[in-house]
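Below is one structure; the comments refer to it alone.
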Amino acid sequence: MSSRRRTLSRLRTLMAMALAVTVAGWIGGFAQVAGAGAAAPAHYDHVFVVVMENHGYSDVIGNSAAPNLNALAEQYGSATDYYAITHPSEPNYVAMLGGSPFGVANDNPYYLNQVPKASLISQLDHAGVSWKAYLQGVPHPGYQGICYPAACNGAPDKDPLYVSKHNGILNYSSSLNAGDWSRQVPIEQLGNDLRSGDVPAFNYVIPDECHDQHGDPPYCLDSGSAGGTDPQDQHLVATGDQYLGRLVSTITGAGFWAKGNNAIDIVYDEGSNNDNGGGQVANVVVTSHGVRGLHDPTFYNHYSLLQTLQRNFGLGCLANSCDTATVTSMNPLFAVTGSKATAFKELPVPSIGTPTPAPAEPVSYVTDRPASAGWAVQAAPKLGTGDNTYGAVAAVSAKDVWAVGNFLPDTATSNKDATLTLAAHFDGTRWTHTPTPTTGPNYNTLFGVAAVPGKAWAVGVGLDQGYHSHSVIEAWDGRAWHLVTGPTLDTTRDVLYSATAISADDVWAVGEQQSRSGRFGTLIEHWDGKRWAVVPSPDPGVAGDHLYAVAASGAHDVWAVGQRNDHSADRPLAEHWDGKRWSVVDVPSAGAGGVLQGVAVRGGQVWAVGQTDDAAHQGRPLSTHLSHGRWTTTVNTQLGAAFSNLNGVVIVGDTAWAAGTYYDTASGHQLTLVARNDGAGWRTVKAPNPGTGDKVLGGISAAGDAIWAVGYDKTDAGRSPLIESHPGG
């Protein structure tokens, strides 16, 4: 008998003996075997790695809000001394697949954090081992954007469902090829593969930010304070645990599960402290014919998981997974005992309510702001001391301007994890805070605003009593803001992002609506002076459509722009209202996958701006212009570096002005991006950059020659409201 077979035989003997004694003795025996460098366990035919988010070991293990995770940890195998590598999320995903963060130290887009190294994925490719990444929230296979939906970089925050920072495959340049893109698919394909039995050997499963316990406004509740005492975080934990229980139940209930050796490894990306680099996290191993009830106290980390996977599939080691002196394979948890394969039965999770705050926050002003190139930072009202952000602005005249967004309350009686609506008005002399109503529990924000003399409308999203995201419309009647009853939609989610007013009886709002099947489609609503109603709008994209901005020059000339997704391509979307119906207008994409986030109309001209969002073009400002019946689209590489975008545009005279943000490699921060085009191409205008951190402009508007741009700037104390103005010319 070979040495390897003798070792395996000894392992099987130890396991048989262990099953007859107490759990504590069983654990101790395996700790000794692991410490002695035990050989790899029997080969697993299929392995699923499911990555959850941002909770330490003690945040979830023993937490009543996570009954499914805890039941799996008790019934199968659990690593009780497992650690993440570092902070924040992205470098952990990189390390999990390549054996090192390779210098990645932030959550920036994958094209800024490229790693020219081999990874587990390239190893599987070269060895001919089948794999797929099942990514919840992506619209189609091979989606190259850094987020979906793609309006995720602006002000206020619009967190997406899918984020590339949670998909470590993309960081490796060895995977930026057609074959690897094609194997990154929507998670809906997992159900099809399980039913057909066509299951890859390695399965990388990434839930979206609403279901991985991360938090994800505007689509679900925001993150709270982990640790089991914050009801907001407990709600997120329960939501994620419910999804996890259903996922494991589906996998273990599939026909392939009992055939051969199969495993599911559930791991968290990072913990809530810095212990051993990234904090202690949970790692639970569910096997078809493996261990039962094992709590393994061996020291493990993400490199241990990588090493275990590499050995299982007969691959070589990479970086720190080669360090056998300090990195131990998770052999005891992946040992095969011959246990009977059974389907896990999903457990119900508790219903956890969260407080609905109605705080009376003190109002102060952010002053002593700089000026640059004709742009001056105005004194902006701020509620409390928490984050305050403006994201949209509408100018009626030089003495009548509105700005809207959101803020985080911080009074003693408030829920400090909540996000609430924010609005302010400029009368030509000063900005004044105007209170807005609370629309529901925990999360309410305003993304767009439109105004005429004496009236204004603000649109956005809020959570209902069941914590589902639905559109919010508020109206200013000359004295106060009031909630407006809008259409009731049969949707999973719906959001309004932008509004424009032609008159007091002619107002448009646009956004997105997600059907019960999960597909996103356009949403257009109209106010006729009496009621808001949904107006039918085209959905040309096979995989989804979104509208992020709207502008009008009159009742028969209204434009809406956004994003269109097809089976394997993403491109800008433009739609036009001619007074009778909305229709799709074909705009050139300049060969880039991209999204339009701002639009302006004047004198027969249309300007729309946004960003590219793909591996080839990265995140570059994108603009398209209609003049004399002809569209011209440009990827503006001269405006900022990669990870730059334009969030809004306005036409003043013969000049288009655009505002957004660009990534400054020297400081590592996003800075304000202001540009103008007077017919000779876009040129950057050096706008003010107050604060010590990121500075983002989310919206721009003009009245006459005067221009206003709004957003936020970040200081050590958080986000401060940012309002910049220019006299025009």
Side-chain angles (χ1 to χ4, degrees), residues 52-55 59-60 65 88-89 107 136-137 147 149 151-163 165-166 207-243 269-270 272 352-359 361 383-391 404-411 414-422 436 438-447 460-472 492-495 497 694 696 698 712 714 718-719:
M52 304 294 283
E53 273 285 315
N54 292 4
H55 285 81
D59 295 334
V60 289
S89 291
D107 285 336
Q136 188 180 19
C147 57
C152 64
N153 183 32
D157 283 343
K158 294 180 282 290
D159 287 353
L161 292 165
Y162 162 77
V163 284
K165 67 180 181 178
H166 294 168
D208 68 31
E209 290 198 305
C210 282
H211 295 98
D212 63 4
Q213 299 174 349
H214 181 283
D216 191 40
Y219 298 110
C220 62
L221 205 64
D222 200 359
S223 59
S225 301
T229 59
D230 180 359
Q232 186 151 322
D233 187 72
Q234 288 289 85
H235 185 102
L236 279 176
V237 169
T239 300
D241 186 76
Q242 181 181 51
Y243 183 82
D269 71 322
E270 59 178 320
S272 49
I352 300 173
T354 61
T356 302
E361 298 283 339
L383 291 186
T385 60
D387 289 355
N388 279 235
T389 301
Y390 293 118
V404 300
N406 63 30
F407 77 100
L408 301 182
D410 64 350
T411 59
S414 68
N415 174 5
K416 295 178 177 59
D417 297 322
T419 303
L420 304 178
T421 56
L422 178 68
T436 54
T438 298
T439 62
N442 300 95
Y443 179 76
N444 317 274
T445 194
L446 298 173
F447 291 128
V461 66
L463 298 180
D464 64 18
Q465 296 302 318
Y467 299 94
H468 303 122
S469 296
H470 293 295
S471 304
V472 166
T492 299
R493 303 177 175 101
D494 52 271
V495 184
Y497 287 111
D694 292 338
V696 176
Y712 72 86
K714 196 170 184 180
R719 295 184 177 185

Q.
Run the side chain to side chain contact (heavy atoms under 4.5 Å, CB included) test against Asp222 and tell me which residues pass, sequence neighbours left out.
A. Pro217, Gln232, Thr419
Q | Summary of salt bridge (Lys or Arg N to Asp or Glu O under 4.0 Å) pairs that have at least one residue in residues 153-163, sequence neighbours excluded | A | Asp157-Arg719
(Q) Any side-chain to backbone donor/acceptor pair from Asp216 onto Cys220? Under 3.5 Å, distance only. (A) no
Q. With Thr385, which residues qualify under side chain to side chain contact (heavy atoms under 4.5 Å, CB included), at least two apart?
A. Asp410
Q: Say whether, by atom type as modelled, one donor and one acceptor occur between the side chain of Thr389 and the main chain of Tyr712 under 3.5 angstrom.
A: no
**Q.** Separation between NZ of Lys416 and OG1 of Thr411, rounded to the nearest 0.5 Å
**A.** 6.5 Å
Q: Please identify each residue that fulfils side chain to side chain donor-acceptor pair (under 3.5 Å) with Asp212, with sequence neighbours left out.
A: none
Q. Is there a donor-acceptor pair closer than 3.5 Å between any side-chain N or O of Gln213 and the backbone N or O of Val237?
A. yes
Q. Under the 3.5 angstrom rule, does the side chain of Asn388 hit a backbone N or O of Leu383 as a donor-acceptor pair?
A. yes
Q.
Going by the rule side chain to side chain contact (heavy atoms under 4.5 Å, CB included), which residues pair with Asp59 if we only count those two or more places apart in sequence or in a different chain?
A. His55, Ala226, Ser272
Q) Quick one: does Gln136's side chain have a donor or acceptor within less than 3.5 Å of a partner on Pro207's backbone? A) no
Q.
Going by the rule side chain to side chain contact (heavy atoms under 4.5 Å, CB included), which residues pair with Thr492 if we only count those two or more places apart in sequence or in a different chain?
A. Gln514, Arg516
Q: To the nearest 0.5 angstrom, please state how far the CZ atom of Arg493 sits from the NE2 atom of His470.
A: 9.5 Å
(Q) Please check this pair: side chain of Tyr243 against backbone of Ala238, looking for a donor-acceptor N/O pair closer than 3.5 Å. (A) no
